[in-house]
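By convention here, the first residue in the shown sequence is residue 1. Just so you know, these numbers use all the heavy atoms, side chains as well, and skip hydrogens, waters and symmetry mates.
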Amino acid sequence: MTIDAVARLIRKGIDYCLTRYLPPRCALEPAVHPLAFARFEKVQVSVVIPVFNKSIHTFTCLKSLLQDTAGVAYEVIVVDNASTDDTPWMLAAIENITVIVNQENLGFVDACNLGASRARGAYLHFLNNDTIVTPGWLAALVDVLTADPSVGAAGSKLLYPNLRLAEAGGMVGPGARAVNIGKFERAGKPQYNRLRQVDYCSGASLMVRRDLFERIGGFDRRFAPAYWEDTDLCFALRKLGFHVLYQPASVVVHFEGVSAGRRTSSGMKRFQVINRQKFLEKWADELERKRSQSG
């Protein structure tokens, strides 16, 4: 099966069925087993992972994080939004992570805010559970924020499991039209492999200074349960005078659509449409300013 054929299947929303065609690093784990994370007395980064079911995706994410995160003192905070599969059992068997168990599904926004409230690190990193990280992913983001105090947040290069580009940062145009830069393109193209400023980076893998996150008030609850909260956060940071950067050296594979599906007409995904209007109303002046500058 060619890469283009795999890409067509992914666009139909069945990427989770393709693991036998994927490189080993991008395949789901076949089964769960106990993991043991290191415990750091002084934490630099708090990795916050909200989850709801999909235990094998969560386990694959955590195992990749354990294997491929070096050079950074970090902690893992998993917020379980009342999972009904074997997620609670699986998480209980993992050593040296913080697990917060909610009695109901609070959605992405409230779960992330709750996880952030328990964080010890100077930096917060929000990570989807349907991701696989690669070597150096976290250190590359830390380097960006430690090198330049004017940077408020930085995001990863997101790849589909077939290694095509899912996002190289994002831009927001008139009418709150969000564009994932480079979507479906070859990830090796030069224009997608340079550090640069963007309007936003996806909350699937986004690092932000904790003091700024708290100053802003966390993810805005008007975007609960999910969608547009990451774009809103990045706009709020830029309004305070901080930059948002795309860091191509931080590579994360994202099984997009696993958590919330792909249909915007129903389920959690419908909030992508609902919250776009809220974003448009909140940031109308900023979007008009951007339109004037570009036109």
Asp68 versus Thr134, side-chain donor and acceptor atoms under 3.5 Å: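 No.
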
Side chains of Glu75 and Ser46, donor plus acceptor under 3.5 Å: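 A pair is found: one side chain offers a donor N or O, the other an acceptor, under 3.5 Å apart.
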
Between Phe235 and Phe279, ring centroids under 6.0 Å: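 When the ring centroids of Phe235 and Phe279 are compared, they turn out to be within the sub-6.0 Å range.
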
Ring centroid separation Tyr74 to His125 under 6.0 Å: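 Ring-ring flag for Tyr74/His125: false, centres at least 6.0 Å apart.
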
Pair [X] + [Y]: basic N to acidic O under 4.0 Å:
{"X": "Asp199", "Y": "Arg238", "value": "yes"}
{"X": "Arg221", "Y": "Asp110", "value": "yes"}
{"X": "Asp220", "Y": "Lys278", "value": "no"}

For Ala153 against Leu237, the heavy-atom pair lying closest together: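 It is CB-CD1, 3.6 Å.
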
Over all atoms of both residues, closest heavy-atom pair of Phe219 and Asp230: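 Scanning both residues, the minimum pair turns out to be CE2-CA, 4.0 Å.
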
Would you compute the distance between atom [atom1] of [X] and atom [atom2] of [Y] and round it to the nearest 0.5 angstrom?
{"X": "Leu65", "Y": "Thr60", "atom1": "CG", "atom2": "OG1", "result": "12.0 Å"}
{"X": "Leu66", "Y": "Leu62", "atom1": "CG", "atom2": "CG", "result": "8.5 Å"}
{"X": "Asn275", "Y": "Phe223", "atom1": "CG", "atom2": "CZ", "result": "6.5 Å"}

Show me the side-chain donor-acceptor pairs of residues 171-187 shorter than 3.5 Å, one per line, residues at least two apart or across chains.
from	atom 1	to	atom 2	distance (Å)
Asn180	OD1	Tyr200	OH	3.1
Lys183	NZ	Tyr160	OH	2.5
Glu185	OE1	Lys189	NZ	2.4

Expected output: side-chain Arg209 to main-chain Leu145 donor-acceptor under 3.5 Å: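 Pair found, side chain donor or acceptor close to backbone of Leu145.
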
Pairs satisfying side chain to side chain donor-acceptor pair (under 3.5 Å), at least one member in residues 240-252, at least two apart: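 Pairs touching residues 240-252 that pass the test: Ser156-Ser250, Gln197-His243.
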
